[in-house]
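What follows is a single structure, written as structure tokens, with notes after it.
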Amino acid sequence: MSKEAKKEKSMILQKEMVSNLFNELANAKESGKKVCYTFIPGNLSELIRTFDMLPVYPEINALQSAMRKKSGAYIKEAEKQAHSEDVCTYVKCDVGMMMNGNIGPTGEKIPEPDILLLSYTGCFTFLKWFETLKRSYPKAEVVLLHTPYQENAEMTPEMTEYMVKQFREVVIPKMEKVTGVKYDEDKLKRHLEYSKEAEDWIVKIFETTKHKPSPIDAYFAGVYYIGPINIGYRGTAKAVEYYKELYSEIQDRIKKGLGPITPEGEMKEEKYRLVVEGPPNWTNFREFWKLFYDMGAVTVASSYTKVGGVYDLGWRHDPERPLEALSEYCMNCYTNLNLPQRIDLLSKYIEDYDADGYMTNSIKSCNSFSAGQLGMMREIEERLEVPVGFIESDLVDPRYFSYSNIKNRLESFFQMLEQRKLIKQEDHTEAV
Ligand code: SF4
């Protein structure tokens, strides 16, 4: 995170994981490992590992480029190649990076894909994204696993069966063909054991924000915490070790009554507790976080940290039903939930974590998150009578981050929260 922040052991572990993955990718040709490009929602990390492949997540490349201030130039290059202004900026950033040698965050080249695995199609852009990549990498195999949307707020046995059939008849045979490795279900089960264990720790970690003050920020720091499971380490002993360590560091903070660690230093006073909906802005991530820090606002729960899987409601990867578990996992990603399900989940967060307000960050690029956000916000406002706020930015396009607009809107929102707090205090005093 920042140079002022003391490096905790968990941060060092995470850094090691990132650098090991990119080193392995840089040496994929020499080691003979096959490379699988895939996306975070519905990622099949355990299955990819079962076939000894290395994963590449184009969204991670895009956000890393944004944090290193390279995304603006990449996006412009893609636009010059006729990628319209309305296309998701993750795609344009990734295409621009590819046109510039495909150099990853560690400065090493990311290898070409042997397989493009599209295991979640809730976002139509994913389909178009891989169509674009297929044109650049004609030798790569393409495999599509269709995930049914939770239209009626449920995962039926028929939906799971439909997905398992695709695993058996399409996905696994294609992976066997690309890697020359025979499918080993026992190996997959062993990876799933680790996933289940890591998921238990993740839930415990995000539940620590019930404490006052909250020892962590579940949005700005939360995106770092979900890193290991979203870059291909779900299903490994390394991820379990990371989450155990992180949990123990957080426990230590709780014992000492400390607030979250931020790039500006430790949060001294927790004035407002928020639930945040929508992805963050990556081009100005630190500035964006600081706006909340300066107001004493801590995020106690967020939807974005559930983009690669919702575990809070009890669902886990079950090693005894490996392919069924992978199917349910894909169907259970946040953006595959219907809008009433999302509203229920966010309302539960507001109540369970005793939040003072609800904030939406609407992302210009991302329809998967942005569609319905205003309606969801109004429903939550009515249902819980909680103050709500709405800001707009983009994922990785610096042209859509307006510091003054966001600051103005946040200031009005925090004034509203302050007034609400005063009214509550007055009511309480009168009642006493
Ligand atoms: S539109 Fe949203 S979900 Fe789809 S690829 Fe872009 S960022 Fe990802």
Side-chain angles (χ1 to χ4, degrees), residues 37-44 55-67 71-72 74-75 78-79 83-98 113 116-134 136 142 144-150 219 222-223 226-227 229-231 276-285 288 302-310 329-339 341-342 360-374 376 391-401:
Y37 283 27
T38 195
F39 295 111
I40 292 171
N43 76 77
L44 302 173
V56 171
Y57 296 93
E59 304 115 301
I60 299 280
N61 296 340
L63 75 87
Q64 290 272 1
S65 297
M67 289 179 113
S71 56
Y74 289 160
I75 289 168
E79 285 176 355
H83 288 275
S84 125
E85 219 183 287
D86 295 327
V87 170
C88 165
T89 51
Y90 265 179
V91 182
K92 287 188 286 185
C93 182
D94 187 44
V95 168
M97 179 175 135
M98 197 172 64
L116 298 165
L117 170 63
L118 188 49
S119 52
Y120 169 74
T121 47
C123 168
F124 186 63
T125 305
F126 286 134
L127 281 168
K128 295 295 181 197
W129 193 341
F130 271 2
E131 270 178 25
T132 305
L133 291 194
K134 174 70 182 164
S136 300
V142 179
L144 169 75
L145 171 74
H146 178 240
T147 300
Y149 183 61
Q150 287 208 38
Y219 184 52
V223 298
I226 55 167
I229 49 159
N230 285 346
I231 62 161
V276 178
E277 215 286 316
N281 161 273
W282 299 111
T283 54
N284 299 65
F285 188 79
F288 189 38
S302 67
S303 57
Y304 188 64
T305 46
K306 313 298 148 69
V307 67
V310 179
Y329 160 72
C330 290
M331 290 189 277
N332 207 23
C333 289
Y334 178 74
T335 44
N336 202 52
L337 305 182
N338 73 15
L339 297 188
Q341 283 174 296
R342 295 185 210 183
T360 301
N361 183 29
S362 182
I363 292 289
K364 180 189 176 290
S365 279
C366 184
N367 293 335
S368 286
F369 264 97
S370 304
Q373 264 179 338
L374 262 180
M376 284 162 58
I391 49 175
E392 290 166 286
S393 66
D394 188 57
L395 293 160
V396 294
D397 192 338
R399 294 172 296 187
Y400 296 101
F401 184 85

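All ligand and atom numbering here is 1-based and tracks the order in the structure.
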Could you check Phe39 against Phe130 for ring pair (Phe, Tyr, Trp, His ring centres under 6.0 Å), going step by step and ending with a plain yes or no?
CA-CA 10 Å; Phe39 295 111; Phe130 271 2; 4.4 Å; yes
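Nearest protein heavy-atom neighbour of atom 6 (Fe) of ligand 1: Cys88 SG, 2.4 Å. Of all protein heavy atoms, the one closest to atom 5 (S) of ligand 1 is Phe126 CE2, 3.6 Å.
Distances from atom 2 (Fe) of ligand 1 show that Cys366 has an N/O/S atom below 2.8 Å. Residue contacts to atom 4 (Fe) of ligand 1: Cys123 brings an N, O or S atom closer than 2.8 Å.
Side-chain polar atoms of Ser393 and Asn361 form a donor-acceptor pair below 3.5 angstrom.
The distance from ligand 1 to the heavy atoms of Leu395 drops below 4.0 Å at these ligand atoms: 7 (S). Close contacts of ligand 1 with Ser365, meaning ligand atoms under 4.0 Å from a residue heavy atom, involve 1 (S). Those atoms of ligand 1 with a heavy atom of Tyr90 less than 4.0 angstrom away are 7 (S). For ligand 1, the atoms closer than 4.0 angstrom to any heavy atom of Ser368 are 3 (S).
By the 4.0 Å N-to-carboxylate-O rule, Glu131 lies close enough to Lys128 to be salt-bridged with it. Between Lys92 and Glu79 there is a salt bridge, since a side-chain N of the basic residue sits under 4.0 Å from a carboxylate O of the acidic one.
Relative to the ring axis of Tyr334, Lys306 does not place its NZ or CZ within 45° and under 6.0 Å from the centre.
Between the side chain of Asn61 and the backbone N or O of Asp94, no donor-acceptor pair lies under 3.5 Å.
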